[in-house]
Every structure is written in structure tokens, then in C-alpha cells.
> 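Have a look at this one.
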Amino acid sequence: MERSQGKVCNRDKSESIEETHFFAACDYEEDFTRGKPIRGRTKSRSLSVSPAPGSTKEFRRTRSMHGPCPVTTFGPKACMLQNPKSIMHIQDPASQRLTWNKTPKSVLVIKKVRDDSLLKPFKELCVFLTEEKNMIVYVEKKVLEDPAIANDENFGPVKKKFCTFREDYDDISNQIDFIICLGGDGTLLYASSLFQDSVPPVMAFHLGSLGFLTPFNFDNFQTQVTQVIEGNAALVLRSRLKVKVSKEHKEKKTAVQNGVEENGLMVKSEKEPIKQTKYQVLNEVVIDRGPSSYLSNVDVFLDGHLITKVQGDGVIVSTPTGSTAYAAAAGASMIHPNVPAIMITPICPHSLSFRPIVVPAGVELKIMLSPDARNTAWVSFDGRKRQEICHGDSISITTSCYPLPSICFRDPVNDWFDSLAECLHWNVRKKQNYFTEDEEEEDDF
């Protein structure tokens, strides 16, 4: 990370030492009306003597069919407000609320690039955060390279206060207290990709084309951002997929002395080590046939057992959040993000009986190219990092312990149905006409 003028932006060391112990201090409870779950914003909170969630350093997975218990600490300072009356450690989604162990001081602002319509909201938000809220604002370096921002002299004093970073080069995971997204659903997916472990709370403003995952309007952003900073907000935990791609050993032949003769050359065969890459995926993992004209042919294993062979254009493995994206277009059901599940949806399968299925969140899926496949397959993660899958390679998928805490406009249930109605026009049709009294009498005869 660096200041926009080239200075390294390091936070106070004493503050960072204190923040490493915030897990033990993040224990709260909320007043609940007996028999009535509280919806909306609460006004009073009190400290609780109940123990805080355990350390997030290591998670030991079991063979339970349930999904892993999600980490409820989000970034350096945010955590879930604990409900002392939760049953079986399963908290009512309507009671999931944000709270802060310490007042947030740093915010990551993610802006959709190459969109001139977002320049004014971006500048207004940054001025508000730096000058009125005295917050440290992190911005990706390529955002400030936009000529409309770089050449704006009036915005210069504010821009000098920014901390900048570059994707895949700078680690900001322990520097960000919460995130603000300006754009469409893609900005939220991008925010998820920046954090491979704990994700700070995300506040997404609808300034893009669809906006299914962005519930906030920008008109009164000052009030809404202030409420979030004060800890007055509902949360929905969007589960993510933990994906591991393993590449098989490949023989590497090099010319050496006293080796094996091949085509007149002395060569030596060496096996390269297995290459493993890990990803955290918010929407879906897509395995498809790529540019090949042949059907894709992949084997799907569940907890080590072969459950089916996918022959078709491909298969989608998605989270409940991703069920309203590519999976919905492929014919899958739409699932609320609080439902612990993993969806397996075929893409144009060569079998009419191959319907989409939902499996428990705790299972582990493994997808490999079938031995008799005519061609390779391709895989992408939330539409990014696309790569080829060859014979012997494998893709392991299970539910991640690190969900994405998305801040709600009202609450998880109402926000979801509002998005279904406004963005997808779910079950919108012309209302059926009712019978008049004369028609009803004629119908009786």
C-alpha cells in the first residue's frame, strides 16, 4: 500500500497490536422481546459476559453434513452482535446485526472502473469520508489513474489523503474496517476476491445496471453511511465456496548427458511438483467445454463417491447468493442466502433427466475430467481467473468458513424479495380479471 504521492501508508503500530486482540472484546448481546424477533434497527446494546467466538487461525473440518460454522468477525474491528437466545448456535437471520469492537477508522471504496457516471458520487463520498468522518480511505491505484480524477485540481487535496493499493501485489486484509462499493453486482464480487480470509462488512450502493446485490440508493448516502459507522445496521452472511485447483504432475524433458536417447537427443524426464491454487468464490464455479465443439465430460464426486458424470456444455457449482445469477439462467431454483447449501446445476445437459440439485453445505465436491473425455475443460471463478483443466487435474469445492457480511438496507428477508421483484421481475404478470355478479350467476347454471 502507498500514499498517492508515493509514501507508504502504515497505520499506528500500537493500534494494530490492540486490534489483534479484538476477538476477546467483541462480545455483545441484544435485548429481545419475548416471543417476538426484533426486525429493523435496535437502539440499545449492552455488554455480555458470554464468551466470544474462538480464534480464526485454524479450522478443523469434520464429516458433518452441516456447513462449517461461519467466522463472525469481519476484518479488524467488526463482528456479529451475539444473540444470547439462539438455539443450537443457529441465529435467526432477522436478528443478525453489525456491531463494532472499536470505532472504524479505515474504509475501502471500490468504484466501477471506466464509468464516468460514477465520478461525481465517488468524489462526494470520498470528501464526506475524509473531511467529515476523518477516515482513512483506501482506493485502488488504477481508479486514481482515470484522467477525470487525475486532472481534477479541486479534488487534489482530498486525493493526497488516500492510501492506494494494487490487486495481487498489496495485502490490505488487516487494514480495512469496512468496504463501500459504488456500481453493480460486479463490484461486490470484486470486493470478495480481494479478501481470501475474513471479509470486512460491505455496504453496496446501486449505481450499476442490475443491482441485485446492491440494496442502497446513493441519494442520502451521508445518513446511511453514518448509521453503519455507528453500528446501526442489519447483516446477511453470504456464504462463499472454498475452492482448490490441483494440477497433476507433468513430465519435463531436458537435454542432459548420459540420459535416455530420444530422436537422437539425450534427454532426462523430470516430474514437476503438483501446483495447487486456492480461491474464495461468492457466486459460482463454472466448468465448461471452452472453445471445443465436443461435449464436456467431467466426473462429479461427493465426499469421495462418484455421483454423476456431466455430459453437456458444463456444470455450475454455486452458493445461494449465486443461485440468482448464472444458475438461475440455467434453470436452477433461487435460494435465499441464509440457506446453508451448495447447488449443482448442469449447463445444457445431454440428458433430459439431469435436473439441478441442492446438496448440504458441509459436503466436499470434487470435479475431474473423465478418463474418456475427448477434450479438456475450462473453469472460472465468479467469471474470473479462467484456466484450462486437463486429464488428472482436480477441482475441490466446499463451503468456506469465511462468509461475506453484506449490510442490509432493511433486513435479509425483505431485501431479498425486493431484489427479486425489482431486478428479476419475479412472478410479474397481468392480474386475472374477476367475475361480475352476472357472470357468477351464469356460471352457477
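Keep in mind that what you see is a predicted model, and the values were worked out from it rather than measured.
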> Does anything in residues 309-318 pair up under salt bridge (charged side-chain N to carboxylate O under 4.0 Å, His left out), and if so which pairs, sequence neighbours excluded?
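Listed by first then second residue: R289-D313, D299-K309.
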> About how many Å separate CG of D393 and CG of L369, when rounded to the nearest 0.5 Å?
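Rounded to the nearest 0.5 Å, the CG-CG separation comes to 8.0 Å.
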> Is the shortest side-chain N to carboxylate O distance from K123 to D146 below 4.0 Å?
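No, no charged N to carboxylate O under 4.0 Å.
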> First locate atom OG1 of T130, then atom CZ of F162, and finally report the distance between them rounded to the nearest 0.5 Å.
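It is 6.0 Å, given to the nearest 0.5 Å.
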> Who passes side-chain hydrogen bond (donor to acceptor under 3.5 Å, both in side chains) against K244, sequence neighbours left out?
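Partners of K244 by the side-chain hydrogen bond (donor to acceptor under 3.5 Å, both in side chains) criterion come out as none, since no residue qualifies.
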> Rounded to the nearest 0.5 Å, how far does OG1 of T214 lie from CG of L188?
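Answer rounded to 0.5 Å: 8.0 Å.
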> Parallel, tilted or perpendicular: which one describes the rings of F216 and F409, with boundaries at 30° and 60°?
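Plane angle over 60°, so perpendicular.
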> Can you tell me how the ring of F128 sits relative to the ring of F221, calling it parallel under 30°, perpendicular over 60° and tilted otherwise?
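Rings of F128 and F221: perpendicular, over 60°.
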> Minimum heavy-atom separation for S323 to M343, with atom names?
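Heavy-atom minimum between the residues: CB-SD, 3.2 Å.
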> In terms of side-chain geometry, is the basic nitrogen of R386 or D288 positioned less than 4.0 Å from the acidic oxygen of its partner?
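Yes.
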> With Q311, which residues qualify under side-chain hydrogen bond (donor to acceptor under 3.5 Å, both in side chains), at least two apart?
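side-chain hydrogen bond (donor to acceptor under 3.5 Å, both in side chains) check on Q311 returns nothing, list empty.
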> Kindly say whether L235 contributes a backbone atom to a donor-acceptor pair with the side chain of Q96 at under 3.5 angstrom?
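Side chain of Q96 to backbone of L235: a pair is present.
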> Using a strict cut-off of less than 4.0 Å between a Lys/Arg side-chain nitrogen and an Asp/Glu carboxylate oxygen, indicate whether R410 and D418 qualify as a salt bridge.
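Salt bridge present between R410 and D418.
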> Please give me the minimum heavy-atom distance between M334 and W426, naming the atom from each residue.
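Taking every non-hydrogen atom into account, CE-CD1, 3.7 Å.
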